[in-house]
Number of protein chains: 2
Amino acid sequence: MALEAAKSQYRQVADLLREGIERQDYAPGSTLPAESELAAEYGVSRVTINRAVQLLRGEGLVRVLRGRGTVVRAIPPIRRNSSRRYARSSREEDGSRGAFDFEIRRLGLKPSTKLAQLGQVAPPETAREVLGLEVGEMVLIRKREMFASDEPVLLATSYFPWGLAEQAGVTDVDTGPGGTYSRLAEIGKGPVRFTEDVRVRTPSAAEERFFALSETQQVYEIVHIAYLEDGTAVEYREDVLPTYQWIMHFEWNAENDSEEAQQ
Amino acid sequence: MALEAAKSQYRQVADLLREGIERQDYAPGSTLPAESELAAEYGVSRVTINRAVQLLRGEGLVRVLRGRGTVVRAIPPIRRNSSRRYARSSREEDGSRGAFDFEIRRLGLKPSTKLAQLGQVAPPETAREVLGLEVGEMVLIRKREMFASDEPVLLATSYFPWGLAEQAGVTDVDTGPGGTYSRLAEIGKGPVRFTEDVRVRTPSAAEERFFALSETQQVYEIVHIAYLEDGTAVEYREDVLPTYQWIMHFEWNAENDSEEAQQ
DNA sequence: TCTTATTTGTTCGTATGTATT
DNA sequence: GAATACATACGAACAAATAAG
């Protein structure tokens with residue numbers, strides 16, 4: 001298998017493997033040949049193969065399991081419609097338990113959620129300010145790990161003012177049909193306006209483990225804030241999602257000239 | 001300089017360099033010590049140093065110039081307010097030539113734009129479908145390279161139906177105050193609704209060169225579509241932006257239940 | 001549980017190539 | 001052309017995680 005010049009060898013190997021995956025020579029879920037075998041096949045050193053595989057990892061095409069091998073990823077990109085996922089119809093459809101459930105089911109995948117933390121805590125500084133709370137006031141924290149057909153796809157950490165959460169009855173494990181926003185709406189505190197800040201960064205150590213990412217992969221960090229009519233924030237949330245797994249979709253109207261710029 | 005176990009050496013070196021940059025020991029715009037020097041300092045091989053620097057590259061903290069050295073980046077993250085940047089007030093403020101101008105000036109940086117392509121072409125398939133054109137119908141393509149204080153920050157490729165572009169008088173190099181959307185508005189074709197699809201991918205070879213990226217860095221690809229009241233699309237645009245340089249901001253209202261889901 | 005084979009992760013020394021000054 | 005600095009590649013070795021027995 002002769003490699004040409006012009007491009008570095010590890011890049012050429014990455015290109016070949018990528019094509020193989022796209023052509024389904026290496027089917028989703030299957031294991032690539034061992035690095036030593038690939039090295040022999042392409043006539044390069046194993047270090048070069050390893051570097052090529054790192055590239056594919058960074059692109060999210062494979063997941064590497066030390067001691068076992070390199071596996072081709074199976075889950076297709078998930079489309080997140082930010083502008084619509086909080087609409088009541090999306091959240092309550094089919095008895096879904098909120099926006100995420102709806103989103104994953106729509107793709108024919110099995111959504112599941114693990115509640116990693118639920119309780120009363122002091123909020124982080126940024127959340128406290130956004131929620132308009134005094135120093136010392138407590139919040140409800142809800143931290144969830146979310147899966148699509150058992151693949152980890154989303155980490156969500158929500159903060160609600162404690163008093164509001166109690167009043168709405170969302171301090172419980174199960175928030176009922178339509179999720180928290182439906183409970184808030186029932187007490188006249190349904191959010192009507194949302195903002196999201198999207199940035200991309202390298203994962204923390206904990207996120208690397210949870211998503212089985214390499215340090216060359218990146219994650220979206222989305223700060224989601226829900227507002228009432230009067231401008232009060234009722235939820236501060238941080239979502240973390242691997243970039244290779246998600247497409248973000250937004251929609252909005254052009255009539256925003258009159259409102260003050262929230263910078 | 002003793003490195004501990006537990007974490008790999010190249011990661012520890014990356015951590016130390018990252019701290020040095022954050023602490024401004026290595027100031028923005030300055031050059032890091034040569035890899036051979038760092039290798040001597042930390043008591044590791046140059047290959048290990050090189051690998052650490054690759055990580056920093058991937059995070060966008062440094063830009064590497066072969067033969068010259070490794071330079072600390074200077075431009076801070078730019079915040080793109082998608083929901084407001086197309087408002088007339090944002091585009092026409094201070095005689096700006098559109099949303100990008102406004103955005104960069106606001107940060108105290110110098111915006112500049114180079115028109116890379118302007119003319120009549122056959123549209124790519126996706127653009128043709130979105131714009132509702134027959135096969136064979138032509139479009140105006142406008143490809144722009146955009147800079148903040150001479151750093152490349154954005155590649156934008158727009159497609160407009162040719163007839164519309166002529167009518168609005170935007171086939172020219174200069175589209176006048178407020179940019180294209182202001183000209184469209186003048187003929188009663190001002191867009192009132194926008195969608196953006198945001199995804200993250202590895203850069204193409206051309207994008208790598210333009211932005212001086214390594215292959216471990218990633219870019220946002222944003223597909224922006226502008227609609228009229230009646231649902232007709234008047235612009236199909238693809239923006240490409242390095243992820244480390246931008247934060248995306250979106251805002252929207254919750255009243256979208258009644259509209260049909262555009263999937 | 002221990003052992004062994006397999007597979008990926010990391011590191012080194014060394015060498016050569018390429019771009020810049 | 002010479003010196004400098006980063007990019008790539010190899011062979012070898014050992015570490016760490018997993019699987020099979």
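Just so it is clear: chains get the letters A, B, ... in the order the sequence lines come, proteins before strands, and each one is counted from 1.
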Starting from C1' on D:dA15, measure out to CZ on A:Arg66 and report it in whole angstrom.
-> 7 Å
In whole Å, what is the span from the CD atom of B:Glu37 to the C1' atom of D:dC6?
-> 13 Å
Within less than 4.0 Å of OP1 or OP2 of D:dA9, is there a side-chain N or O belonging to A:Tyr10?
-> no
Respond yes when some side-chain nitrogen or oxygen of B:Thr70 is under 4.0 Å from OP1 or OP2 of D:dA5, and no when none is.
-> no
A:Glu215 CD - C:dG9 P separation (whole Å) | 10 Å
Rounded to whole angstrom units, what separation is found between the OH atom of A:Tyr42 and the P atom of D:dT8?
-> 19 Å
Side chains of B:Leu61 and B:Val72: does their closest heavy-atom pair fall under 4.5 Å?
-> no
Any B:Gln54 side-chain N or O less than 4.0 Å from OP1/OP2 of D:dA7 | yes
Phosphate OP1/OP2 of D:dC6: any B:Asn50 side-chain N/O under 4.0 Å = no
Side chain B:Arg46 and base D:dA7 donor-acceptor under 3.5 Å = yes
Between C:dT18 (P) and B:Arg209 (CZ): distance, integer Å | 17 Å
Rounded off to whole Å, could you give me the CD1-to-P distance for the A:Ile49 and C:dT10 pair?
-> 17 Å
Distance only, no hydrogens: is a donor on one side chain within 3.5 Å (strictly under) of an acceptor on the other, for B:Tyr244 and B:Arg73?
-> yes
Among C:dT10, C:dG13, D:dT8, the nucleotide that comes nearest once only the side chain of B:Arg51 is considered | C:dT10
Residue pair B:Ala34/B:Val47 against DNA chain D: nearer the 5' end by closest nucleotide is B:Ala34
Would you indicate what B:Arg57 reaches in the nucleic acid, counting non-hydrogen atoms under 4.0 angstrom: base, sugar-phosphate, or nothing?
-> sugar-phosphate
Spacing between A:Leu55 atom CG and D:dA9 atom C1', to the nearest angstrom = 15 Å
In whole angstroms, how far is the P atom of C:dG9 from the CD atom of B:Gln9?
-> 17 Å
Distance-only, no hydrogens or angles: does the A:Gln217 side chain make a donor-acceptor pair with backbone N or O of A:Arg57 under 3.5 Å?
-> yes
Pair A:Arg142-A:Thr180, side-chain donor/acceptor within less than 3.5 Å = yes
Does a side-chain N or O from A:Ser36 land closer than 4.0 Å to OP1 or OP2 of C:dT6, or not?
-> no
According to a strict under-4.0 Å criterion, is B:Arg68 in side-chain N/O contact with OP1 or OP2 of C:dT21?
-> yes
Examine the side chains of A:Ser158 and A:Glu235 and answer whether a donor and an acceptor come within less than 3.5 Å of each other.
-> yes
